[in-house]
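So the structure is just underneath, and the comments pick up after that.
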Protein chains: 2
Amino acid sequence: MRDKLSACPVETTLLVINDRWKVLILRELLDGTKRFGELRKSIGTVSPKVLTSHLRSMEEDGLVDREIFAEVPPRVEYTLTELGDSLKPILDAMKDWGTDYQAKVKLKLKETNED
Amino acid sequence: MRDKLSACPVETTLLVINDRWKVLILRELLDGTKRFGELRKSIGTVSPKVLTSHLRSMEEDGLVDREIFAEVPPRVEYTLTELGDSLKPILDAMKDWGTDYQAKVKLKLKETNED
DNA sequence: CTGAATCCGCTTGGATACTG
DNA sequence: CAGTATCCAAGCGGATTCAG
């Protein structure tokens with residue numbers, strides 16, 4: 001976990017997940033354990049370098065566990081820790097808002113077409 | 001509002017508020033209307049350029065209203081729209097999580113000192 | 001007071017190639 | 001497969017100055 005915190009809880013949260021990639025990683029891992037390659041594909045387009053760096057950062061912050069299997073070919077699995085899982089309410093709120101927003105945009109486009 | 005959306009609600013939300021500054025602006029404006037200078041001070045340290053550009057972006061996204069008063073000295077007030085206000089649950093979730101996180105860190109530091 | 005304009009450095013991310 | 005290493009481009013944000 002991070003020791004340097006802001007006095008403001010919102011800012012504290014921002015320190016940990018103020019990042020497009022981290023939010024997307026969270027979204028994926030909330031569905032369950034995933035391998036490196038699975039993550040890469042499901043997130044969309046991320047270079048391995050970027051994905052790795054963000055996963056490492058989330059490990060340091062205690063959000064993600066990394067399990068290495070001594071196999072050939074190699075397998076590495078990423079899982080949310082309890083702390084990482086506790087971010088679910090935020091993701092849920094984002095999902096709810098995004099859903100509403102999409103509906104409003106769709107409605108607006110429809111009205112525009114009817115003019 | 002933005003017309004280009006992602007299929008994923010979470011990503012849609014990220015398009016609008018995936019930004020440290022925007023979240024902080026939201027936090028401030030959820031308390032009510034504020035002037036440019038007030039925002040600047042309460043957010044911490046932001047150059048006027050950066051604050052302006054983010055406010056403009058949020059205006060375009062329909063989150064913020066900007067009201068100009070023809071006075072000397074000039075006064076400009078920023079207020080959340082209904083859409084902007086509807087982001088409150090996300091901010092609340094972030095606040096809750098940040099509060100818990102701060103408590104955990106404090107507890108951990110205490111334990112460390114007692115060792 | 002509220003910005004707009006300019007310059008500039010740094011971080012972030014993308015592409016690519018390579019290794020265990 | 002799961003990264004690491006390198007290089008490079010673009011964008012973002014900071015500082016500063018100036019204007020209405």
Side-chain angles (χ1 to χ4, degrees), chain A residues 2 4 6 8 10-11 14-29 32-61 63-80, chain B residues 2 4 6 8 10-11 14-29 32-61 63-80:
Chain A
R2 297 192 185 215
K4 288 181 188 171
S6 161
C8 168
V10 174
E11 287 188 50
L14 284 176
L15 286 176
V16 178
I17 61 157
N18 175 37
D19 189 301
R20 165 181 173 73
W21 299 120
K22 291 185 182 174
V23 173
L24 295 180
I25 291 170
L26 277 173
R27 182 193 65 186
E28 294 308 318
L29 293 186
T33 297
K34 290 207 172 167
R35 300 177 57 170
F36 187 83
E38 289 180 299
L39 272 176
R40 248 197 108 183
K41 268 176 284 181
S42 55
I43 283 181
T45 309
V46 215
S47 67
K49 187 192 75 170
V50 172
L51 182 55
T52 300
S53 72
H54 285 88
L55 284 169
R56 292 290 183 281
S57 169
M58 293 171 79
E59 262 190 273
E60 288 178 21
D61 288 339
L63 304 181
V64 167
D65 270 341
R66 178 164 172 259
E67 191 174 5
I68 306 165
F69 296 84
E71 304 175 357
V72 177
R75 179 160 58 109
V76 178
E77 291 187 347
Y78 292 91
T79 312
L80 287 188
Chain B
R2 295 190 187 217
K4 287 181 188 170
S6 161
C8 167
V10 173
E11 287 189 49
L14 282 177
L15 286 176
V16 178
I17 62 158
N18 174 40
D19 188 301
R20 165 180 173 73
W21 299 120
K22 291 186 183 175
V23 174
L24 295 180
I25 291 170
L26 277 173
R27 182 194 64 186
E28 294 307 318
L29 293 186
T33 297
K34 289 206 171 166
R35 299 178 57 172
F36 187 82
E38 289 178 300
L39 272 176
R40 250 197 106 182
K41 269 176 285 181
S42 55
I43 283 180
T45 308
V46 215
S47 67
K49 187 192 77 171
V50 172
L51 182 55
T52 300
S53 72
H54 284 88
L55 284 169
R56 292 290 182 281
S57 169
M58 292 170 80
E59 262 189 272
E60 287 178 21
D61 289 339
L63 304 180
V64 168
D65 270 340
R66 178 165 172 257
E67 189 174 6
I68 306 166
F69 296 83
E71 302 174 358
V72 177
R75 179 161 59 108
V76 178
E77 291 186 349
Y78 293 90
T79 311
L80 286 187

Side chain of [X], heavy atoms from C-beta onward: which of [options] has the nearest atom to it?
| X | options | result |
| --- | --- | --- |
| A:Arg66 | D:dG3, D:dT16, D:dG13 | D:dG3 |
| B:Trp21 | D:dG13, C:dG3, C:dC1 | D:dG13 |
| A:Thr52 | C:dA4, D:dG3, D:dG13 | D:dG3 |
| B:Val76 | C:dT2, D:dG13, D:dC1 | C:dT2 |
| B:Pro48 | C:dA4, D:dA2, C:dG14 | C:dA4 |
| A:Pro74 | C:dG3, C:dA15, C:dG20 | C:dG20 |
| A:Arg35 | C:dG14, D:dC1, D:dG13 | D:dC1 |

Determine the contact category for A:Tyr78: base if any of its heavy atoms lies under 4.0 Å from a base atom, sugar-phosphate if only primed atoms, P, OP1 or OP2 are that close, otherwise nothing.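 The residue A:Tyr78 makes sugar-phosphate contact but no base contact.
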
So what does B:Arg56 hit on the nucleic acid, given a heavy-atom distance under 4.0 Å: a base, only sugar-phosphate, or nothing?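 Result for B:Arg56 = sugar-phosphate.
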
Output yes when at least one side-chain N/O atom of A:His54 is less than 4.0 Å from OP1 or OP2 of C:dG13, else no.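 Checking A:His54 against C:dG13: at least one side-chain N or O falls below 4.0 Å of OP1 or OP2.
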
Indicate yes or no: at least one non-hydrogen side-chain atom of [X] is less than 4.5 angstrom from one of [Y].
| X | Y | value |
| --- | --- | --- |
| A:Val64 | A:Leu80 | yes |
| A:Trp21 | A:Ser53 | no |
| A:Arg20 | B:Glu11 | yes |
| A:Leu15 | A:Arg2 | yes |

In whole Å, I'd like the distance from the [atom1] atom of [X] to the [atom2] atom of [N].
| X | N | atom1 | atom2 | result |
| --- | --- | --- | --- | --- |
| B:Glu71 | C:dG3 | CD | P | 13 Å |
| B:Lys22 | D:dG13 | NZ | C1' | 14 Å |
| A:Asp19 | C:dG13 | CG | C1' | 11 Å |
| A:Glu67 | D:dG3 | CD | P | 13 Å |
| A:Leu55 | D:dT4 | CG | P | 10 Å |
| A:Ile25 | C:dG13 | CD1 | P | 10 Å |
| B:Ile43 | D:dG13 | CD1 | P | 12 Å |
| A:Leu39 | D:dA2 | CG | P | 9 Å |

Determine whether any donor atom in the side chain of A:Lys49 lies under 3.5 Å from an acceptor atom in the base of D:dG3, or the reverse, and answer yes or no.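 No pair found.
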
To the nearest 0.5 angstrom, please state how far the CD1 atom of A:Ile17 sits from the OG atom of A:Ser57. 12.0 Å

